[in-house]
Asks: 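Here it is: the structure, laid out below.
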Amino acid sequence: MTEYGAVMLAITELVVTVLVFLFAGRFLDSRYQAGSQFMTIGAISGFIIGVVRMTIRLKAVMNSK
């Protein structure tokens, strides 16, 4: 895989992770009538997890070169 492909994969993984956590939080908000608390927590959690995974993936790509 080229460096460009690895970067695009990492960015796509970040976006998908944030969206999955965001929609999971939105589902929990509608299920428990919690306003937007779970959606906010989901978006922040997804962003943090996505950035950590992206950093690990990109470090692995840079170390393999």
Side-chain angles (χ1 to χ4, degrees):
M1 180 181 307
T2 65
E3 288 180 13
Y4 177 75
V7 170
M8 291 305 295
L9 180 65
I11 291 171
T12 303
E13 185 177 3
L14 170 67
V15 170
V16 169
T17 303
V18 170
L19 288 176
V20 165
F21 276 79
L22 182 75
F23 285 117
R26 187 174 173 192
F27 169 76
L28 290 173
D29 282 335
S30 67
R31 182 167 176 91
Y32 297 113
Q33 290 85 29
S36 62
Q37 295 171 355
F38 287 116
M39 188 172 66
T40 303
I41 291 169
I44 292 169
S45 299
F47 181 74
I48 291 170
I49 292 169
V51 167
V52 169
R53 289 181 53 90
M54 183 175 68
T55 303
I56 291 170
R57 182 180 300 274
L58 292 178
K59 279 185 180 180
V61 168
M62 292 304 165
N63 288 337
S64 70
K65 291 290 175 178

Asks: Ile11 and Leu14: same hydrophobic cluster, using ILVMFWY side-chain contacts below 4.5 Å?
Replies: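 Yes, one cluster joins them.
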
Asks: Locate the shortest heavy-atom distance separating Gly50 from Thr17; write the atom from each residue and the value.
Replies: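 For Gly50 versus Thr17, the nearest heavy atoms are N-CG2, 4.0 Å.
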
Asks: Give every residue pair that meets the salt bridge (charged side-chain N to carboxylate O under 4.0 Å, His left out) criterion with at least one member in residues 34-45, sequence neighbours excluded.
Replies: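 Listed by first then second residue: nothing to list.
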
Asks: Could you go through residues 21-32 and list every donor-acceptor pair under 3.5 Å that involves a side-chain atom there, pairing it with any protein atom two or more places apart or in another chain?
Replies:
| residue | atom | partner | partner atom | Å |
| --- | --- | --- | --- | --- |
| Asp29 | OD1 | Phe38 | N | 2.9 |
| Asp29 | OD2 | Met39 | N | 2.9 |
| Ser30 | OG | Phe27 | O | 2.8 |

Asks: Not counting sequence neighbours, which residues clear side chain to side chain donor-acceptor pair (under 3.5 Å) with Arg53? List them please.
Replies: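 Applying side chain to side chain donor-acceptor pair (under 3.5 Å) to Arg53 gives Glu13.
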
Asks: Cluster partners of Met62, using ILVMFWY side-chain heavy atoms under 4.5 angstrom, listed by chain and number?
Replies: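 Met62 clusters with nothing; isolated.
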
Asks: Using the test side-chain contact (heavy atoms from CB on, under 4.5 Å), find all partners of Ile56 that sit at least two apart in sequence or belong to another chain.
Replies: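 Counting only residues at least two positions away or on another chain, Ile56 forms a side-chain contact (heavy atoms from CB on, under 4.5 Å) with Val52.
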
Asks: Output the rest of the hydrophobic cluster of Ile41: all Ile, Leu, Val, Met, Phe, Trp and Tyr residues reachable through side-chain heavy-atom contacts under 4.5 Å, sorted by chain and number.
Replies: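 Besides Ile41, the hydrophobic cluster comprises nothing; the residue is isolated.
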
Asks: With sequence neighbours excluded, tell me which residues meet side-chain contact (heavy atoms from CB on, under 4.5 Å) with Val20.
Replies: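 Checked Val20 against side-chain contact (heavy atoms from CB on, under 4.5 Å); matches are Val16.
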
Asks: Cluster partners of Met8, using ILVMFWY side-chain heavy atoms under 4.5 angstrom, listed by chain and number?
Replies: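 Grouped by the 4.5 Å side-chain rule, Tyr4 form the rest of the cluster around Met8.
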
Asks: Is Val18 linked to Leu58 within one hydrophobic cluster, defined over Ile, Leu, Val, Met, Phe, Trp and Tyr using a side-chain heavy-atom separation of less than 4.5 Å?
Replies: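 Looking at the clustering, Leu58 is in the same group as Val18.
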
Asks: Can you name the residues that form a side chain to side chain donor-acceptor pair (under 3.5 Å) with Gln37, not counting sequence neighbours?
Replies: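 Expected list: none.
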
Asks: Between Ala6 and Arg57, which heavy-atom pair has the shortest distance, and what is it?
Replies: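 In this case the closest contact between Ala6 and Arg57 is O-CD, 4.2 Å.
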
